[in-house]
Amino acid sequence: MLTHPLDSPGVYPLETVTFADLCEACSVSADELDELIAYGALVAQPGVEQALVFDAHCITPLRQARQVCKDYDLEFFMVVILLDLLQRNTALEQQLAQSKRVVAALRAESPVW
């Protein structure tokens, strides 16, 4: 049963998530999250002065990377590499979707295609 608003995969009611909520939502310790920040795998939102706040969309890739490390008994530093690859994959999927929309719009305008 889903008990936390961040437990629903890929659907987040907020645009940002706090350090503590990110730890809870992704089942990582504060030390592990600090390690990811130190490696540059996670970057806090700029302009927030009192507490570290992150884009809520980092939850899914962090969960996926954490699960892969757990499933394959990988060291935690591998999360850094996996997060980078998952984020690149997401960006490429978004670019592909945008390209498909542009092509569809061009085809609709010009039946010559």
Side-chain angles (χ1 to χ4, degrees):
M1 177 186 290
L2 301 176
T3 58
H4 193 279
L6 300 176
D7 285 343
S8 191
V11 179
Y12 308 112
L14 307 171
E15 290 184 20
T16 60
V17 61
T18 65
F19 183 93
D21 284 340
L22 186 58
C23 288
E24 182 181 339
C26 299
S27 301
V28 296
S29 70
D31 289 340
E32 290 172 326
L33 199 56
D34 282 335
E35 191 176 338
L36 293 175
I37 293 167
Y39 286 139
L42 286 177
V43 179
Q45 293 290 311
V48 179
E49 298 173 10
Q50 299 206 356
L52 290 176
V53 176
F54 302 89
D55 184 336
H57 292 96
C58 72
I59 294 172
T60 299
L62 182 54
R63 282 179 175 170
Q64 290 171 337
R66 184 72 174 132
Q67 189 61 47
V68 168
C69 285
K70 183 179 175 185
D71 290 347
Y72 295 100
D73 196 28
L74 301 173
E75 296 292 328
F76 188 72
F77 75 88
M78 291 298 295
V79 171
V80 175
I81 296 167
L82 291 170
L83 271 177
D84 180 55
L85 293 173
L86 288 167
Q87 289 168 345
R88 286 182 188 193
N89 186 56
T90 299
L92 289 171
E93 286 174 344
Q94 291 170 348
Q95 289 174 3
L96 178 60
Q98 176 63 27
S99 296
K100 286 180 177 181
R101 287 190 294 272
V102 169
V103 168
L106 288 172
R107 284 185 176 163
E109 289 176 8
S110 175
V112 177
W113 280 56

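Note that this is a predicted model, so its numbers are computed, not measured.
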So Leu106 and Val102, do their side chains get closer than 4.5 Å, heavy atoms only? yes

For Phe54 and Thr18, run side chain to side chain contact (heavy atoms under 4.5 Å, CB included): C-alpha distance rounded to whole Å, both residues' side-chain angles, the deciding distance at 0.1 Å, then the answer. CA-CA 6 Å; Phe54 302 89; Thr18 65; over 6 Å; no

Candidate pair Glu93 and Leu96, rule side chain to side chain contact (heavy atoms under 4.5 Å, CB included), full reasoning: CA-CA 5 Å; Glu93 286 174 344; Leu96 178 60; 5.7 Å; no

Those residues at least two apart in sequence (or on a different chain) that pass salt bridge (Lys or Arg N to Asp or Glu O under 4.0 Å) with Glu32 are Arg66

Val79 and side chain to side chain contact (heavy atoms under 4.5 Å, CB included): which single residue from Leu74, Leu36, Leu42, Val68 fits? Leu36

Indicate, with yes or no, if Val43 and Leu86 share a hydrophobic cluster defined by side-chain heavy-atom contacts under 4.5 Å among Ile, Leu, Val, Met, Phe, Trp and Tyr. no

Atom of Val17, atom of Ala56 and distance for their closest heavy-atom approach: CG1-CA, 4.1 Å

Begin from the C-alpha positions of Leu22 and Leu52 and carry the test side chain to side chain contact (heavy atoms under 4.5 Å, CB included) through to its verdict. CA-CA 10 Å; Leu22 186 58; Leu52 290 176; over 6 Å; no

Sorted by first residue and then second, give each side-chain hydrogen bond (donor to acceptor under 3.5 Å, both in side chains) pair with at least one member in residues 71-83; sequence neighbours left out. Gln67-Asp71

Roughly how far, to the nearest 0.5 Å, is the CD atom of Gln45 from the SG atom of Cys58? 8.5 Å

Shortest non-hydrogen contact from Leu83 toward Ala41: CD1-CB, 4.1 Å

For Glu15 and Asp55, work out which heavy atoms get closest and say how close. O-OD1, 3.5 Å

Report the distance from atom CZ of Phe77 to atom CG of Leu82, rounding to the nearest 0.5 Å. 10.0 Å

Find the distance between CD (Gln87) and CG (Leu92) and round it off to the nearest 0.5 Å. 12.0 Å

